[in-house]
Trainee: 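This is the structure I want to talk about, given as structure tokens.
Order of the sequence lines fixes the chain letters, A, B, ..., with proteins taken first and strands second; residue numbering starts at 1 for each chain. Just so it is clear, the model here is predicted, and its values are computed rather than measured.
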Number of protein chains: 2
Amino acid sequence: MHNENVRSPEQLVERFRSEGLKITPQRQLLFSLLHENAEHPTADALFTSASALMPGISLRTVYQTLTDLTEMGELGQVTFDGGAVRFDPNLTDHHHAVCNECGTIADVSIDHLDVVSISQPNDFSPSSTSVVFHGVCAKCASPSSNLDKPTNNQNK
Amino acid sequence: MHNENVRSPEQLVERFRSEGLKITPQRQLLFSLLHENAEHPTADALFTSASALMPGISLRTVYQTLTDLTEMGELGQVTFDGGAVRFDPNLTDHHHAVCNECGTIADVSIDHLDVVSISQPNDFSPSSTSVVFHGVCAKCASPSSNLDKPTNNQNK
DNA sequence: TGTTTGTTCGCATGATTTGCAGATTAGGTC
DNA sequence: GACCTAATCTGCAAATCATGCGAACAAACA
Ligand SMILES: [Mn+2]
Ligand SMILES: [Mn+2]
Ligand SMILES: [Zn+2]
Ligand SMILES: [Zn+2]
């Protein structure tokens, strides 16, 4: 059982405590909202979710905590097409597929070898490579499941 | 001699004329500034260049013209890491290499990439795939040519 | 030269994110 | 439990990038 991607709220509490940082209700709430969250939420989306559970929480605090986590390497950031920054609890090396219809962003794991074989632009030493697929996700493509198809395209 | 990438100022003038659009000095200036421009400039960078040659030109007009060209399919747009939109006269299918040192953005020909072989995320039908390399460009990497090394990292 | 209609320009506004400072509180000490 | 203090939270200002809007302007044409 490997866990290169966990970051449970408990682990984050542990990390914060070990760094001498305080465990506040706001932080704990955000830890839980991020836990196993594969939606690549924006700061504002997390603020909305958080506000429902903790009325009065400040958007500034959400940004602050997300920035802290990012600087600690406990959270990833991605942006697509100039939209707002999206936060990604998935710290594994992976890529993304953005659906033009519903706006969902799915993780795409690519075998390391494949990417390496591709990363060879002349005169350039890439330290990282990101691949973004734009298209239509399975849910939006299947003509049958048109009933529960999400239509909230959350792109900019 | 093929020219899948030209868009000379003259051609754009022709295109605009054929669409019943007017040929203004502002538009002509921007056409020339974009011609064979491989710098992936932002709207503001183009505004600065344009202002030097045509004092009084409005940033609003620059945005307007760039948007028009984009909607006409005569200009591409790319964004990196949440920075400002960059405009790309290179309409061929290609990718980009961003230098962490000097911020330059180089085109990466798709010939070097076998993207098709990699474009197979499960349950997803990609209509386009973009690859971005982050790293150090040849100029910044070579220990010899440290003299004329550009240091203007224009990232956000 | 005059008319028409698209264009330019300046400013307001929207969206996202960060800076700042005072109010608040977590966590340790007695 | 009361107290202290540094860290944190919060509200608001401000920076950046981009777009909406309307009045002034000018390209195209008769
Ligand atoms: Mn992801
Ligand atoms: Mn390019
Ligand atoms: Zn979809
Ligand atoms: Zn460089």
Trainee: Measuring only between side-chain heavy atoms, which start at C-beta, is A/Phe87 closer than 4.5 Å to A/Gln77?
Mentor: yes
Trainee: Can you tell me which residue pairs pass the salt bridge (charged side-chain N to carboxylate O under 4.0 Å, His left out) test with a partner in residues 56-66 of chain A, sequence neighbours excluded?
Mentor: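 Sorted pair list comes back empty.
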Trainee: Minimum heavy-atom separation for A/Glu101 and A/Cys140, please, with both atom names.
Mentor: CB-SG, 3.5 Å
Trainee: Looking at D/dT10, I'd like to know if its phosphate oxygens (OP1 or OP2) sit under 4.0 Å from a side-chain N or O belonging to A/Gln26.
Mentor: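 True: A/Gln26 side-chain N/O within range (under 4.0 Å) of D/dT10 OP1/OP2.
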Trainee: Using the rule that Ile, Leu, Val, Met, Phe, Trp and Tyr join whenever any side-chain heavy atoms are under 4.5 Å apart, tell me whether B/Val98 and A/Val85 fall into a single cluster.
Mentor: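 No, it is not one cluster - the side chains of B/Val98 and A/Val85 are not joined through contacts under 4.5 Å.
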Trainee: Do any of residues 58-79 of chain A sit with a heavy atom less than 4.0 Å from DNA chain D, and if so which?
Mentor: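 By residue number: A/Ser58, A/Arg60, A/Thr61.
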Trainee: Without placing hydrogens or testing angles, list every side-chain donor-acceptor pair under 3.5 Å for residues 19-32 of chain A, not counting sequence neighbours.
Mentor:
| residue | atom | partner | partner atom | Å |
| --- | --- | --- | --- | --- |
| A/Glu19 | OE2 | A/Arg15 | NE | 2.8 |
| A/Glu19 | OE2 | A/Arg15 | NH2 | 3.1 |
| A/Thr24 | OG1 | A/Arg27 | N | 3.1 |
| A/Arg27 | NH1 | A/Lys22 | O | 2.8 |
| A/Ser32 | OG | A/Leu29 | O | 2.7 |

Trainee: Do B/Leu69 and B/Leu34 pass the side chain to side chain contact (heavy atoms under 4.5 Å, CB included) test, and can you show the C-alpha distance, the side-chain angles, and the key distance before you say yes or no?
Mentor: CA-CA 11 Å; B/Leu69 285 168; B/Leu34 289 169; 3.6 Å; yes
Trainee: What's the spacing between B/Asp68 CG and B/Leu12 CG if we round to 0.5 Å?
Mentor: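 Reported value, rounded in 0.5 Å steps: 11.5 Å.
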Trainee: Between C1' on C/dT5 and CD on B/Glu19, what's the gap in Å once rounded to a whole number?
Mentor: 17 Å
Trainee: Return the nearest nucleotide to the side chain of B/Val85; candidates are C/dT8, D/dA18, C/dT16.
Mentor: D/dA18
Trainee: Strictly below 4.0 Å, heavy-atom distances to any atom of DNA chain D: list the hits from residues 45-57 of chain A, or just say none.
Mentor: A/Gly56, A/Ile57
Trainee: Over 60° means perpendicular and under 30° means parallel, so tell me whether A/His96 and A/His40 are parallel, tilted or perpendicular.
Mentor: perpendicular
Trainee: Given atom CZ of B/Phe80 and atom P of D/dC17, what is their separation to the nearest angstrom?
Mentor: 16 Å
Trainee: Do the non-hydrogen side-chain atoms of A/Ser127 and B/Asn100 ever get within less than 4.5 Å of each other?
Mentor: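 The answer is yes; the side chains approach within 4.5 Å.
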Trainee: Return the angle between end axes of the helix from C/dT1-D/dA30 to C/dC30-D/dG1, with five pairs used per end and rounding to 10°.
Mentor: 20°
Trainee: I'd like a list of close polar pairs between nucleotides 27-30 of chain C and the protein, N/O only, cut-off under 3.5 Å.
Mentor:
| residue | atom | partner | partner atom | Å |
| --- | --- | --- | --- | --- |
| C/dG27 | OP1 | A/Ile23 | N | 2.7 |

Trainee: What distance do B/Thr48 atom OG1 and B/Ile57 atom CD1 have between them, rounded to the nearest 0.5 Å?
Mentor: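 These two atoms lie 11.0 Å from each other.
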Trainee: Using only atom types and a distance under 3.5 Å, with no angle test, would you say the side chain of A/Glu14 pairs donor to acceptor with the backbone of A/Glu10?
Mentor: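 Judged by distance alone, no pair lies under 3.5 Å.
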Trainee: If you apply the rule side chain to side chain contact (heavy atoms under 4.5 Å, CB included), what do you find for A/Asp81 with A/His134, and how did you get there?
Mentor: CA-CA 11 Å; A/Asp81 296 320; A/His134 280 270; 3.0 Å; yes
Trainee: Nearest 0.5 Å, what's the NE2-CD1 distance between A/His95 and A/Ile105?
Mentor: 15.0 Å
Trainee: Roughly how many Å is it from CZ in A/Arg27 to P in D/dA7, rounded to a whole number?
Mentor: 11 Å
Trainee: What is the distance from CD of B/Gln28 to P of D/dA26, rounded to the nearest Å?
Mentor: 15 Å
Trainee: Using atom CG of A/Asp44 as one end and atom C1' of C/dG14 as the other, report the distance to the nearest whole Å.
Mentor: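 The answer, rounded to whole Å, is 13 Å.
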